[in-house]
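Before any comments, here is the structure.
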Amino acid sequence: HKGPVFAPLYEPMPDKVKFYYDGKPMKLSAPAEEVATFFAKMLDHEYTTKDIFRKNFFKDWRKEMTSEEKTKITDLNKCNFSEMNEYFKAQSEARKQMSKEEKQKIKEENERLLQEYGFCLMDNHKERIGNFRIEPPGLFRGRGDHPKMGMLKRRIRPEDIIINCSKDSKHPKPPPGTKWKEVRHDNKVTWLASWTENIQGSIKYIMLNPSSRIKGEKDWQKYETARRLKKCVDRIRTQYRDDWKSKEMRIRQRAVALYFIDKLALRAGNEKEEGETADTVGCCSLRVEHIKLYPKMDEQEYVVEFDFLGKDSIRYYNKIPVEKRVFKNLQLFLENKQPEDDLFDRLNTSILNKHLQELMDGLTAKVFRTYNASITLQQQLKELACPDDSLPAKILSYNRANRAVAILCNHQRAPPKTFEKSMQNLQTKIDEKQNQLSAARKQLKAAKADHKASHDDKSKKAVELKRKAIQRIEEQLMKLQVQATDREENKQIALGTSKLNYLDPRISVAWCKKWDVPIEKIYNKTQREKFAWAIDMAEKDYEF
DNA sequence: CGCGGGACTTGTATTAAAAACA
DNA sequence: TGTTTTTAATACAAGTCCCGCG
């Protein structure tokens, strides 16, 4: 491979674009100005109103200032970035207004870069690289209540990069006048380049695209492991139910946690370093404050209410009735604890996964999520199938099955900003189409009357034509209605994550073959590339 | 057994491109 | 054909899980 592409160097602001401190224009040194532009670009974003973001930004910004600037600029509230902000808006507007030729030129340059840096040779196969560009410097945007939001993500230089390639290959060259941090030849790992990021101190990698052999094989293995779980899941369920009765607390906790992971598709829940990240939890790290127990709620008995922030600070809220034994165990786990105490104080992911490993080779907590997602899709597709359905109706059924999985896995999205409007537009279209339909029906009636009167060939043809027109309008109307239903049901649900990461693609491929649905209706180009192995492999009778 | 480092997968938000529309 | 809306691609953050060490 040719190594990564570095972020473009900083281009100083034109002199006419001013930064103001305390109402007065002030020329910043290049390093201070660069960091200021990161903030200026985000002025319209909610982040810049958050205290922590502002505080972290200001602290890191000051580090880039000259001593003079440091003395002068002491209060972020007195900083006025609005001219800079407007400048960037104008730039982006100008980009949109560029001529066709200019746009074409940029496109060609990107394509050239992709051809040069976007591919590598692995085991004599040309493979697409996933992310060959180094992340540019900027302000860290942590999700949720992140203590480090606003900190400066520093520029990555060749001296920060470790290159991994085979010994006998032509080693990628660093840009002129620079050096790599290291060149190594480790064939036990899949990454091509790596660097240490300065916010969390974690390592970032350049790896291959999902369409690559190495990623595809791993993906396939993942689903094979989940299928092996299918064969022994009954046994495992029997055992954890049995363990609810164990006299050992650690075993009861393990069994109840596993029940949640299985039934609710919760994530494992590793421990996190306090103060380094947003406060989020998974199953093993649930705290007392995250659940409430209701011996009776409405018509149901033994209801557990979950309310916590999971990965990416997405809220998980669910009320579910559980078996009496689980409920009694939970009451026991809660005894003499404070809200901020761990619910499962005798359990962590390492203990749980060690146990799972003993139950089945390769079994870990996340396999349950894969298994339950895939088996749900398969079941739902069977239930929703209707051979006489039109193609759009079949696709709606598929999306509904997909949606059932997304709900199980709690894959949410913020409702699109334009959702209401776009829904209204669609409704208008439906109304119009309905009017069109009734008009067409009237016309048919008239044509029929005409034919009755004249009985000639011409009028007969006219009737046929009107019939066809009605049929076409009816189809269009149905398509629109299906679309509206689909969109409404999808308001806050993200289907992509489960489709890409949890659903054995062979289930979808088989379904397409069985019901004569073109695969392009289910998977777009990228997805077909990623799932090429499955498209090759699965026949219509494939069973997960 | 706890801890930290490391490698890899999963996840949402943002941006760019394509498609639909007027 | 230009504009708006929708969809696809990208970016990069945030998880999981494993391993080696003291």
Side-chain angles (χ1 to χ4, degrees), chain A residues 7 41-42 45-47 92 95-97 100 103 106-107 110 114 118 130-136 138 140-144 146 148-149 153 162 164 186 188-191 194 196-197 199-210 214-215 218-219 221-222 261 267-273 276-278 280-285 309-314 348-354 356-357 362-370 373 406 409-414 416-419 421-423 425-426 429 483 487 494-502 523-530:
Chain A
K41 279 179 187 165
M42 292 179 72
H45 205 291
E46 204 199 336
Y47 272 120
S92 115
R95 252 197 314 278
K96 275 186 212 152
Q97 297 302 325
K100 239 184 196 163
K103 282 184 182 168
I106 291 174
K107 207 172 165 183
N110 280 336
L114 173 68
N131 54 327
F132 57 89
R133 285 168 203 274
I134 299 281
E135 295 172 20
F140 176 72
R141 292 148 100 120
R143 316 256 169 90
H146 198 116
K148 297 194 171 185
M149 62 166 70
K153 222 170 69 162
I162 302 173
N164 192 29
D186 183 351
K188 297 288 179 278
V189 298
T190 71
W191 53 269
S194 73
T196 301
E197 153 274 336
I199 304 289
Q200 323 269 3
S202 64
I203 308 172
K204 298 233 172 175
Y205 302 92
I206 287 181
M207 290 183 185
L208 296 191
N209 187 273
I214 203 154
K215 292 285 184 190
K218 278 230 163 175
D219 209 33
Q221 270 179 27
K222 173 180 81 184
I261 284 171
R267 295 187 189 83
N270 283 309
E271 287 129 294
K272 301 169 77 182
E273 215 175 328
E276 292 292 298
T277 60
T280 64
V281 297
C283 186
C284 293
S285 51
L309 297 181
K311 182 173 176 178
D312 289 313
S313 295
I314 298 288
N348 60 37
T349 54
S350 155
I351 296 171
L352 178 64
N353 280 335
K354 261 191 203 113
L356 293 175
Q357 183 57 47
L363 187 60
T364 62
K366 86 185 184 84
V367 179
F368 282 88
R369 238 165 116 81
T370 313
C409 294
N410 200 40
H411 290 142
Q412 297 188 27
R413 62 167 184 175
K417 283 188 191 75
T418 53
F419 183 84
K421 198 173 138 233
S422 103
M423 215 56 208
N425 287 348
L426 195 54
K429 270 199 223 166
Q483 206 184 349
R487 198 180 295 178
L495 299 186
T497 306
S498 50
K499 202 179 203 175
L500 237 45
N501 300 302
Y502 288 102
Y523 291 139
N524 66 31
K525 183 173 136 279
T526 330
Q527 293 164 342
R528 291 199 298 278
E529 280 167 13
K530 166 165 177 166

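Just so we're on the same page: letters track the sequence lines, and every chain starts at 1. These figures come from a predicted structure and were not determined experimentally.
- Between the OG1 atom in A:T370 and the NZ atom in A:K366 there is a gap of 5.5 Å [rounded to 0.5 Å].
- If you take CZ of A:F132 and P of C:dT10, they are 8 Å apart, rounded to a whole angstrom.
- The phosphate of C:dA13 (OP1 or OP2) has a side-chain N or O of A:K153 nearer than 4.0 angstrom.
- Side-chain proximity of A:A268 to the nucleotides B:dG11, C:dT16, C:dC12 is greatest for C:dT16.
- For A:R413 and C:dA8, the CZ to P distance is 13 Å, given to the nearest whole Å.
- Side-chain proximity of A:I203 to C:dA14, B:dA18, B:dG6: nearest is B:dG6.
- One interatomic measurement links the two molecules: CD of A:E273 to C1' of C:dG15, which rounds to 15 Å at whole-angstrom precision.
- The phosphate of B:dG11 has OP1 or OP2 within less than 4.0 Å of a side-chain N or O from A:R267.
- Where A:Q527 and A:K204 each meet DNA chain C at their nearest nucleotide, the meeting point lying more 5' is that of A:Q527.
- Of the candidates A:K311, A:K272, A:H146, A:R143, A:T280 forms a side chain to side chain contact (heavy atoms under 4.5 Å, CB included) with just one, namely A:K272.
- In this structure, the nucleotide among C:dG15, C:dA13, B:dT9 sitting nearest to the side chain of A:K366 is B:dT9.
- Not one side-chain nitrogen or oxygen of A:T364 sits closer than 4.0 Å to the OP1 or OP2 atom of C:dT16.
- The phosphate of C:dT16 (OP1 or OP2) has no side-chain N or O of A:K311 nearer than 4.0 angstrom.
- Counting non-hydrogen atoms under 4.0 angstrom, A:A278 reaches nothing in the nucleic acid.
- Side-chain atoms of A:T349 and A:N270 form a donor-acceptor pair, as typed in the model, at a separation below 3.5 Å.
- In the model, A:S202 has a side-chain atom that pairs as donor or acceptor with a side-chain atom of A:E197 under 3.5 Å.
- No engagement by A:P210 is indicated, since no non-hydrogen atom pair under 4.0 Å with the nucleic acid exists.
- Rounded to whole Å, the distance from CG on A:D186 to P on B:dC8 is 9 Å.
- Following rounding to the nearest Å, A:R143 (CZ) and C:dC12 (P) show an atom-to-atom distance of 11 Å.
- For A:K272, whose side chain is taken as the heavy atoms from C-beta onward, the closest listed nucleotide among C:dT16, C:dA13, C:dG15 is C:dG15.
- Contact between the side-chain N/O atoms of A:S313 and the OP1/OP2 oxygens of C:dA14 is not found at any separation under 4.0 Å.
- Classified by interplanar angle (parallel below 30°, tilted 30° to 60°, perpendicular above 60°), the ring pair A:Y205/A:W191 is tilted.
- In the set B:dG11, B:dT14, B:dA18, B:dT14 carries the atom at the smallest distance from any side-chain atom of A:R141.
- Remark: side-chain polar atoms of A:N131 are not paired, donor with acceptor, to backbone N or O of A:R133 under 3.5 angstrom.
- Using a 4.0 Å heavy-atom criterion, one finds that A:G282 contacts no nucleic acid atom at all.
- Of all nucleotides listed (B:dA7, C:dC12, C:dG15), B:dA7 comes nearest to the side chain of A:V189.
- For A:R133 and B:dT15, the shortest distance from a side-chain N or O to OP1 or OP2 is not below 4.0 Å.
- Between A:S350 and C:dC17 there is no side-chain polar atom (N or O) within less than 4.0 angstrom of OP1 or OP2.
- Taking the nucleotide of DNA chain B with the nearest heavy atom to each of A:L500 and A:N348, the more 5' of the two is matched to A:N348.
- When the side-chain nitrogen and oxygen atoms of A:K215 are compared with OP1 and OP2 of B:dT9, one or more of them lie within a distance under 4.0 Å.
- Of the two residues near DNA chain B, A:D312 and A:G201, the one whose nearest nucleotide lies more 5' is A:G201.
- Between A:Q200 and C:dA13 there is no side-chain N or O to OP1 or OP2 distance below 4.0 Å.
- Rounded to whole angstrom, the span from the NZ atom of A:K222 across to the C1' atom of B:dT10 amounts to 8 Å.
- Nearest to the side-chain atoms of A:F140 among the listed nucleotides C:dA13, B:dC8, B:dT9 stands C:dA13.
- Within the 4.0 Å cut-off from OP1 or OP2 of B:dG11, at least one side-chain nitrogen or oxygen of A:Y502 is found.
- When the side-chain nitrogen and oxygen atoms of A:N353 are compared with OP1 and OP2 of C:dC17, one or more of them lie within a distance under 4.0 Å.
- Distances shown here put a side-chain N or O of A:H45 below 4.0 Å from the OP1 or OP2 atom of B:dT14.
- Rounded to the nearest 0.5 Å, atoms NZ (A:K204) and CD1 (A:I134) are 10.5 Å apart.
- Side-chain contact, A:Y47 with A:R141: no donor N or O sits under 3.5 Å from an acceptor N or O.
- Atom OH of A:Y205 is separated from atom C1' of B:dT10 by 16 Å (rounded to the nearest Å).
- In this structure, A:N410 places its CG atom 13 Å from P of C:dG15, rounding to the nearest Å.
- Residue A:T190 is classed as a sugar-phosphate contact, given heavy-atom separations below 4.0 Å to backbone atoms only.
- Note on A:K525: every side-chain N or O is 4.0 Å or more away from OP1 and OP2 of B:dA18.
- Dashed line: the shortest gap from a side-chain N or O of A:H411 to OP1 or OP2 of B:dT10 is not under 4.0 Å.
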